[in-house]
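I have placed the structure first, in the form of structure tokens, so that the comments after it can refer back to it.
The figures here come from the full heavy-atom set of this structure, side chains too, leaving out hydrogens, waters and symmetry mates. Keep in mind it's a predicted model, so treat the numbers as computed, not measured. Naming: A, B, ... by sequence-line order, numbering from 1 per chain.
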There are 2 protein chains.
Amino acid sequence: MSDLFTPAAFADPNSGPLYLQLHRRIAEAIAAGDLRPGDSLPSEREMAALTGLSRVTVRKGVEALVASGQLVQKRGSGTFVAPQVERLEQALSLLTSFTEDMQRRGMQVESRWLARGLHTPAPEEVMALGLGANDRVARLERVRSSDGVPLAIERASLPARLLPDPETVDASLYAVLEARGNRPVRAVQRISAANLGPKDADLLGVATGAAGLRIERLSYLPSGQVVEFTRSLYRGDAYDFAVELKLAPEAERTS
Amino acid sequence: MSDLFTPAAFADPNSGPLYLQLHRRIAEAIAAGDLRPGDSLPSEREMAALTGLSRVTVRKGVEALVASGQLVQKRGSGTFVAPQVERLEQALSLLTSFTEDMQRRGMQVESRWLARGLHTPAPEEVMALGLGANDRVARLERVRSSDGVPLAIERASLPARLLPDPETVDASLYAVLEARGNRPVRAVQRISAANLGPKDADLLGVATGAAGLRIERLSYLPSGQVVEFTRSLYRGDAYDFAVELKLAPEAERTS
DNA sequence: CAGTGGTCTAGACCACGGT
DNA sequence: CCGTGGTCTAGACCACTGA
């Protein structure tokens, strides 16, 4: 890895911006295994000196690698190749709870509560839950971690009628619902990707702008009543959702 | 929107870094509707002058908004609030083709080919497709657009035995497979989120670092033979995948 | 305490867009 | 042509880490 930063090829014919050249060099060194997880890079000032670039340019070159989770920077300490994050795979077509899911894998689950109580519903919640004018809403907002690593932010809203005492929810929301005979049997999810804002990124312990999976879920009782409206943000680098597909039947494809 | 940049509150008690304060101000103005899609912001130099910040700091404040697609910057022209991107919703549990899916919505579909031909397989492809030592692989790599807007990058690999003439694929891969009696009936997908690298971001017409949905798919024939190994990148801001969930049966939850 | 990343500045040149 | 965003520099101070 010694000559990674030897300036040489930074003699800029037309290989594009300097910070992109640096970005590419480091990314390739990681991909090739010349830089291994846990390895430390030279300090920004050193890299600047070695390459002949300014520190600002070095930072810009490193920036995208930090955002995408390939590098980790620690103030006062240094810049390191990110440790391998073991991706968790989760079946997307079964309605399971986070807690149950993790326990089945033998993993430790922790929840840090950000909010938990009864509130006046926001318009979005009124729509999603089909609330009336005077109904109230139970809100559960927490960071889900496994073995000390934060994995997801979960913001759940339920009609207060179905969960009048949100403070009693400890680990598994579904366990509480089940005890009250209100466990959902069906749900619809919408999945998309979004860059994490400063606040959410901080909660998940990743860099601002890192990619996250945004999942919106509506869960239903057998009666068709909506139980739960949940918006979650999963760390994009730590989660894989798996789905099984079947061929669309001809009948539906010709309409 | 006039006093958005009046410096006032940039008198830095301890409201955090200046670029984050600027970021927050703009994000809130967009959320509140004070800045509407298509509106133009002052030039970076103007914002710097108005706020009393340096241009570098202004750029840093704007950066994350651009990466997440809320702002669009055009060199030589200016900085604008991004037009509303109409999100496409797609059912994730049906095995449909991009082409058929879009045509059913009455949308124009274009493909720009990046590569199309027979190659010696990469190790990853050997594994996924279950190839032998001397098998070759058909690669189809293209950018999928609808109404002129690039939506996804699709990189498909198939055993050459099932698609000896990849050059004949025009719009729909599945149509060609069906003609040969090789249309898949089942598939498994894995979904995650990732920041787009400079190259892919450019192909999709978004900023480097924007969040993308990464989907890996393995499709099978009725015989169990793998037909297709496809890695796709969808624009995170333009796509919503929908899934319906059912309650996990007790039998499976207790193992 | 010395060294690290995090923030910020003032100024410069370039490539491109629209007039 | 002028104004825009895109790149780049040299230097500064801060908050934090680790010895």
Side-chain angles (χ1 to χ4, degrees), chain A residues 5 7 10-24 26 39-67 69-82 198 201-202 205-210, chain B residues 5 7 10-24 26 39-67 69-82 198 201-202 205-210:
Chain A
F5 302 101
F10 283 100
D12 176 33
N14 31 16
S15 326
L18 299 175
Y19 76 93
L20 279 183
Q21 296 182 40
L22 178 61
H23 170 102
R24 191 166 2 103
I26 300 177
D39 284 0
S40 76
L41 272 66
S43 80
E44 296 177 346
R45 288 166 181 83
E46 262 181 278
M47 285 194 262
L50 289 169
T51 56
L53 305 177
S54 77
R55 190 181 156 211
V56 177
T57 303
V58 168
R59 276 183 69 78
K60 182 147 193 193
V62 161
E63 185 182 63
L65 296 170
V66 174
Q70 299 180 77
L71 294 181
V72 176
Q73 294 194 299
K74 292 197 179 73
R75 174 163 47 189
S77 176
T79 302
F80 307 87
V81 179
D202 200 53
V206 298
T208 298
Chain B
F5 301 102
F10 283 101
D12 177 33
N14 32 16
S15 328
L18 300 175
Y19 76 93
L20 278 183
Q21 296 182 40
L22 177 60
H23 170 102
R24 191 166 3 100
I26 300 177
D39 284 1
S40 76
L41 272 68
S43 80
E44 295 177 347
R45 288 167 182 82
E46 263 182 278
M47 285 193 262
L50 289 169
T51 56
L53 305 177
S54 77
R55 190 181 155 210
V56 177
T57 303
V58 168
R59 276 183 68 79
K60 182 149 192 189
V62 161
E63 187 181 61
L65 281 315
V66 174
Q70 298 179 79
L71 294 181
V72 176
Q73 295 193 299
K74 291 197 179 71
R75 174 163 46 189
S77 175
T79 301
F80 307 87
V81 179
D202 199 55
V206 298
T208 297

5'-most by nearest nucleotide on DNA chain D - B/V56 or B/L41: B/L41

A/T79 vs C/dG5: side-chain N/O to OP1/OP2 distance below 4.0 Å: yes

d(CZ, B/R59; C1', C/dA10) in whole Å: 16 Å

Distance in angstrom units between B/F80 CZ and D/dG3 C1', rounded: 12 Å

Any donor-acceptor N/O pair, B/T57 side chain to B/L53 backbone, under 3.5 Å: no

Donor-acceptor contact present, side-chain A/Q70 to main-chain A/A82, <3.5 Å: no

Atom-to-atom span, CZ of A/R55 to P of C/dT4 - whole angstrom: 10 Å

Audit row: B/L22, B/F5, side chain to side chain contact (heavy atoms under 4.5 Å, CB included) steps and yes/no: CA-CA 8 Å; B/L22 177 60; B/F5 301 102; 3.9 Å; yes

Length of the CD-P vector between B/E63 and C/dG6, whole Å: 13 Å

Whole angstrom value for the distance that separates P of D/dG3 from CD of B/E44: 16 Å

Phosphate contact (C/dC8 OP1 or OP2) by B/Y19 side-chain N/O below 4.0 Å: no

Exam field: side chain B/Q73 to backbone B/F80, donor-acceptor pair closer than 3.5 Å: no

Any A/R45 side-chain nitrogen or oxygen under 4.0 Å from OP1 or OP2 of C/dT4: no

Of B/Q73 and A/T57, the one whose closest DNA chain D nucleotide lies more 5': B/Q73

Closest approach of A/H23 to B/P198 (non-hydrogen atoms, all atoms of both residues): NE2-CD, 4.1 Å

B/K60 side-chain N/O to C/dT7 phosphate OP1/OP2 under 4.0 Å: yes

5' precedence on DNA chain C between B/L20 and A/R75 (nearest-nucleotide basis): A/R75

Spacing of A/K74 atom NZ relative to D/dG18 atom P, expressed in whole Å: 9 Å

A/S43 vs C/dT4: side-chain N/O to OP1/OP2 distance below 4.0 Å: yes

Distance, rounded to the nearest Å, where A/L53 contributes CG and D/dG11 contributes P: 15 Å

Under 4.0 angstrom between A/S77 side-chain N/O and C/dG5 OP1 or OP2: no

Length of the NE2-P vector between B/H23 and C/dC8, whole Å: 14 Å

